[in-house]
Number of protein chains: 2
Amino acid sequence: MSPAARGATIRMSDVARAVGVSAMTVSRAFKGDDSVRPETRDKILRKAEELGYVFDATAANLRQNRTGFVAVTVPTIDSANFAQTVRALTQGLAREGLQILLANTEYDPAQEEAVIAQLLRRKPEAVVLTGGQHTPRTRQLLRASKLPIVQLWDLPDDPLDHVVGFSNAASIGLLVDHLVSRGRRRIGFLGGDSDRDPRGRQRRAGFVAALARHGLETFRLAPLGEPPISMAAGAAALDALLARHPDTDAVIGVSDLVAFGALAECQRRRIAVPGTLALAGFGNYEIGAVCAPRLTTVDAHAERIGAEAAQLVGALLNGDRSGPPRRIEIPPALIIRETSGEPR
Amino acid sequence: MSPAARGATIRMSDVARAVGVSAMTVSRAFKGDDSVRPETRDKILRKAEELGYVFDATAANLRQNRTGFVAVTVPTIDSANFAQTVRALTQGLAREGLQILLANTEYDPAQEEAVIAQLLRRKPEAVVLTGGQHTPRTRQLLRASKLPIVQLWDLPDDPLDHVVGFSNAASIGLLVDHLVSRGRRRIGFLGGDSDRDPRGRQRRAGFVAALARHGLETFRLAPLGEPPISMAAGAAALDALLARHPDTDAVIGVSDLVAFGALAECQRRRIAVPGTLALAGFGNYEIGAVCAPRLTTVDAHAERIGAEAAQLVGALLNGDRSGPPRRIEIPPALIIRETSGEPR
DNA sequence: ATGAAAGCGCTAACAC
DNA sequence: GTGTTAGCGCTTTCAT
């Protein structure tokens with residue numbers, strides 16, 4: 001009785017026996033080694049197909065001490081910007097034969113620590129952290145692993161290793177400068193109030209710093225609460241801000257989702273945008289390019305961050321591990337649309 | 001010289017030697033086996049920590065012939081509905097100690113076939129297909145694997161195995177009935193024209209069938225082109241539809257994104273919604289609950305699909321594999337909001 | 001161009 | 001409660 005008929009797993013040696021070669025030759029045929037005669041190779045692959053043989057990556061990984069895994073964390077995959085980054089990363093790594101191991105941290109450093117500890121047991125060859133916040137133990141685990149680490153969506157002062165990101169603070173500075181150039185002076189900010197979203201905090205800090213640079217008041221801040229932040233929270237925050245500061249003439253949302261929530265609220269309250277209130281967001285979400293009026297924003301190049309990270313990981317795993325940690329800065333781009341009004 | 005100092009990997013046997021027990025005891029301690037004396041266990045875990053030992057799941061998987069992987073495909077993770085499903089699935093499976101292996105098919109059956117062939121080499125314990133389209137070879141590979149298969153987001157006539165989904169056609173029927181009850185008669189549909197998006201096609205077919213049931217004209221169809229479908233395409237499709245059929249009094253989008261694009265276009269063209277034109281979408285995206293006016297839609301319960309799938313996979317892998325394939329139907333819910341107007 | 005032997009790090013099975 | 005032995009399915013290494 002054949003192994004398949006017995007219900008047993010079909011191994012390389014089964015294919016080898018059926019063809020009349022050794023397991024080694026089958027192994028070589030499967031990895032495309034030229035040293036196998038083409039006819040032998042074809043015979044092997046045909047027989048493998050016929051027997052329903054499926055290569056066992058687990059066994060190969062154990063022996064080779066290489067898994068082809070890249071561990072990836074995101075606060076949540078259910079956020080368009082992170083999803084774009086993960087998609088580009090997945091595709092770029094797939095081209096190198098690498099498979100991502102994805103985990104969500106839910107914006108929680110403790111959960112990040114837990115998922116990273118689990119992922120490390122899978123013996124990934126690199127770790128990509130998308131906008132996380134790391135406990136001391138997380139940092140220790142990662143350093144002890146000796147793996148290449150890539151931090152995304154930020155430019156940390158004290159990076160673990162490599163970085164592909166941008167300055168969240170500076171990106172909001174771009175928006176403030178633009179709004180000021182359009183004559184706005186009483187500018188508010190929605191969000192950036194949660195400890196669980198450091199990048200949001202940095203954007204708010206960048207907002208305050210930019211206003212101060214222009215000699216403007218910096219107290220028009222409305223909290224949004226805990227991430228994930230929602231459009232509805234943006235609408236509520238706008239209400240709260242206008243209740244306290246009715247003379248506000250421009251508002252920046254910590255993300256386009258928040259800004260869009262504010263825009264919808266303006267439409268409901270018949271507040272003219274940009275006539276009475278200018279609006280701007282962050283992240284260049286699809287919605288901002290389509291809503292009426294279209295939303296001024298900052299493009300953080302979410303996909304490009306993922307693509308660059310994939311390329312970096314590919315290079316690092318192909319032996320290019322000399323030299324200091326890379327720090328790839330992807331400068332955000334101001335996208336001026338209708339909600340910030342015409343120049344005055 | 002210690003293994004760590006030599007730069008060599010630290011194995012269980014290294015921990016065992018350091019503590020003065022056998023590798024088996026370390027193994028038991030790590031899996032929480034009660035038969036290890038608590039003090040021994042503590043000593044082992046402390047020593048492991050001290051030595052920087054990291055459990056090697058690859059070796060354990062090979063030996064146990066269990067990986068804890070679940071292969072998951074989506075057309076693209078960069079779509080809010082699929083991202084919600086994947087997030088719920090990831091979290092549900094994590095509770096069972098299972099790790100997802102995610103791959104995007106890019107709405108392409110050939111790519112789906114390729115990624116599934118790759119994923120199967122990793123020896124997943126189950127395969128979850130989110131809204132795919134399967135080539136004969138894909139079906140053959142999956143059947144030959146003998147693994148539990150779960151198809152999501154659909155109720156296929158000829159399922160591979162288990163199903164967690166809903167009728168895309170019937171869900172649009174809900175919207176048509178609702179619009180008709182509000183006095184709309186000349187109803188159009190945006191999208192559902194691509195072979196690469198079978199669920200979109202089913203929604204359009206459901207639209208045509210529902211109109212026919214009401215004795216209404218069924219020719220107000222505007223194409224959107226290839227997925228992923230965008231808000232901007234929704235705006236353009238609305239233009240095309242109104243150019244050919246200016247008397248249209250209601251429009252359904254194949255998704256909320258499309259419907260929102262149409263809504264934005266109406267705002268730009270000063271078409272009153274719902275006064276002149278009623279609008280509805282599909283998928284209960286966040287945007288529909290926030291935009292002004294708020295969008296009538298159908299909730300397909302994306303998260304619940306993921307959660308149910310996780311539970312099903314968990315049950316199947318915990319021995320509950322008797323009985324026929326499960327077919328879990330999650331009925332979509334009509335969500336009536338402002339864009340479909342008041343009852344007449 | 002192909003094969004034989006050894007071993008990757010863990011755990012099932014059995015022993016005590 | 002703990003230890004010994006063998007082996008998971010592949011590939012490294014060395015041989016021919």
Side-chain angles (χ1 to χ4, degrees), chain A residues 3-4 6-45 47-48 51-69 97 120-125, chain B residues 3-4 6-45 47-48 51-69 97 120-125:
Chain A
R6 279 203 324 277
T9 315
I10 299 149
R11 296 150 310 190
M12 268 191 181
S13 56
D14 298 315
V15 178
R17 190 160 348 92
V19 176
V21 295
S22 74
M24 249 341 280
T25 302
V26 178
S27 173
R28 290 182 179 115
F30 263 84
K31 71 167 68 143
D33 191 321
D34 309 325
S35 72
V36 180
R37 259 188 30 229
E39 309 101 84
T40 315
R41 202 187 102 95
D42 290 351
K43 229 191 303 179
I44 288 168
L45 295 184
K47 197 55 146 185
L51 296 177
Y53 170 70
V54 179
F55 183 91
D56 187 335
T58 305
N61 293 342
L62 175 61
R63 179 62 238 232
Q64 297 184 107
N65 198 25
R66 284 206 52 184
T67 58
F69 286 133
L120 288 175
R121 301 172 70 153
R122 300 280 186 187
K123 304 292 171 182
E125 300 185 37
Chain B
R6 280 203 324 278
T9 316
I10 299 148
R11 294 151 312 192
M12 269 191 181
S13 56
D14 297 317
V15 178
R17 189 160 350 93
V19 176
V21 295
S22 76
M24 239 358 267
T25 301
V26 177
S27 174
R28 289 180 179 118
F30 263 85
K31 71 168 65 144
D33 190 325
D34 309 326
S35 72
V36 180
R37 255 187 34 227
E39 307 104 82
T40 314
R41 204 186 100 93
D42 290 349
K43 229 192 302 178
I44 288 169
L45 295 183
K47 198 57 152 184
L51 295 176
Y53 169 71
V54 180
F55 182 91
D56 188 334
T58 305
N61 293 343
L62 176 61
R63 177 64 239 232
Q64 299 186 105
N65 197 27
R66 283 206 54 185
T67 58
F69 287 133
L120 288 175
R121 301 171 68 151
R122 300 281 187 185
K123 305 294 172 181
E125 300 184 38

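Since the structure is predicted, the reported quantities are computational estimates derived from the model, not experimental observations. Residue numbers start from 1 in every chain, and the chains themselves are labelled A, B, ... in the order their sequence lines are given, proteins ahead of strands.
Tyr53(A) contributes atom OH, which lies 15.5 Å from atom NZ of Lys47(A) (distance to the nearest 0.5 angstrom). Atom CE in Met12(A) sits 10.5 Å away from atom OG1 in Thr25(A) (nearest 0.5 Å). The structure places CZ of Arg122(A) at 9.5 Å from CZ of Phe55(B), a figure rounded to the nearest 0.5 Å.
Here chain A contacts DNA chain C (any atom closer than 4.0 Å to a heavy atom, that is under 4.0 Å), and the contacts span dA1(C) to dG9(C) from 5' to 3'.
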Output one line per pair: protein atom, nucleotide atom from nucleotides 2-6 of chain D, and distance, for all N/O pairs under 3.5 Å.
unit_1	atom_1	unit_2	atom_2	d
dT2(D)	OP1	Thr40(B)	OG1	2.9
dT2(D)	OP2	Arg37(B)	N	2.8
dG3(D)	OP1	Ser22(B)	N	3.4
dG3(D)	OP2	Ser22(B)	N	2.7
dG3(D)	OP2	Ser22(B)	OG	2.9
dG3(D)	OP2	Thr25(B)	OG1	2.5
dG3(D)	N7	Arg28(B)	NH1	3.2
dG3(D)	O6	Arg28(B)	NH2	2.5

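In this structure, the CZ atom of Phe30(A) is 10 Å from the P atom of dT11(D), given to the nearest Å. Atom C1' of nucleotide dG9(D) and atom CG of Asn61(A) are separated by 11 Å, given to the nearest angstrom. Distance Leu62(A) CG to dT12(D) P: 12 Å, rounded to the nearest Å. Rounded to a whole Å, the CZ atom of Arg66(A) is 13 Å from the P atom of dT11(D). To the nearest angstrom, P of dG9(D) lies 6 Å from CZ of Arg11(A).
Pairs engaging residues 36-45 of chain A under the salt bridge (charged side-chain N to carboxylate O under 4.0 Å, His left out) rule: Arg37(A)-Glu39(A) [sequence neighbours left out].
Using a 4.0 Å heavy-atom cutoff across all strands shown, Asn65(B) reaches no nucleic acid atom at all.
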| request: Please report the C-alpha distance between Val54(A) and Lys123(B) in whole Å, then the side-chain angles of each, then the deciding distance to 0.1 Å, and finally whether the side chain to side chain contact (heavy atoms under 4.5 Å, CB included) criterion is met. | output: CA-CA 9 Å; Val54(A) 179; Lys123(B) 305 294 172 181; 3.8 Å; yes
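For Asp56(B), there are no salt bridge (charged side-chain N to carboxylate O under 4.0 Å, His left out) partners two or more places apart in sequence or in a different chain. Listed by chain and residue number, Glu125(A) satisfy the side-chain hydrogen bond (donor to acceptor under 3.5 Å, both in side chains) test with Arg66(A) (two or more places apart in sequence, or in another chain).
An OP1 or OP2 oxygen of dT12(D) is reached within less than 4.0 angstrom by a side-chain nitrogen or oxygen of Lys31(A).
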For residues 28-35 of chain A, which side-chain N or O atoms pair as donor and acceptor with protein atoms under 3.5 Å away, sequence neighbours left out?
unit_1	atom_1	unit_2	atom_2	d
Asp33(A)	OD1	Ser35(A)	N	2.8
Asp33(A)	OD1	Ser35(A)	OG	2.9

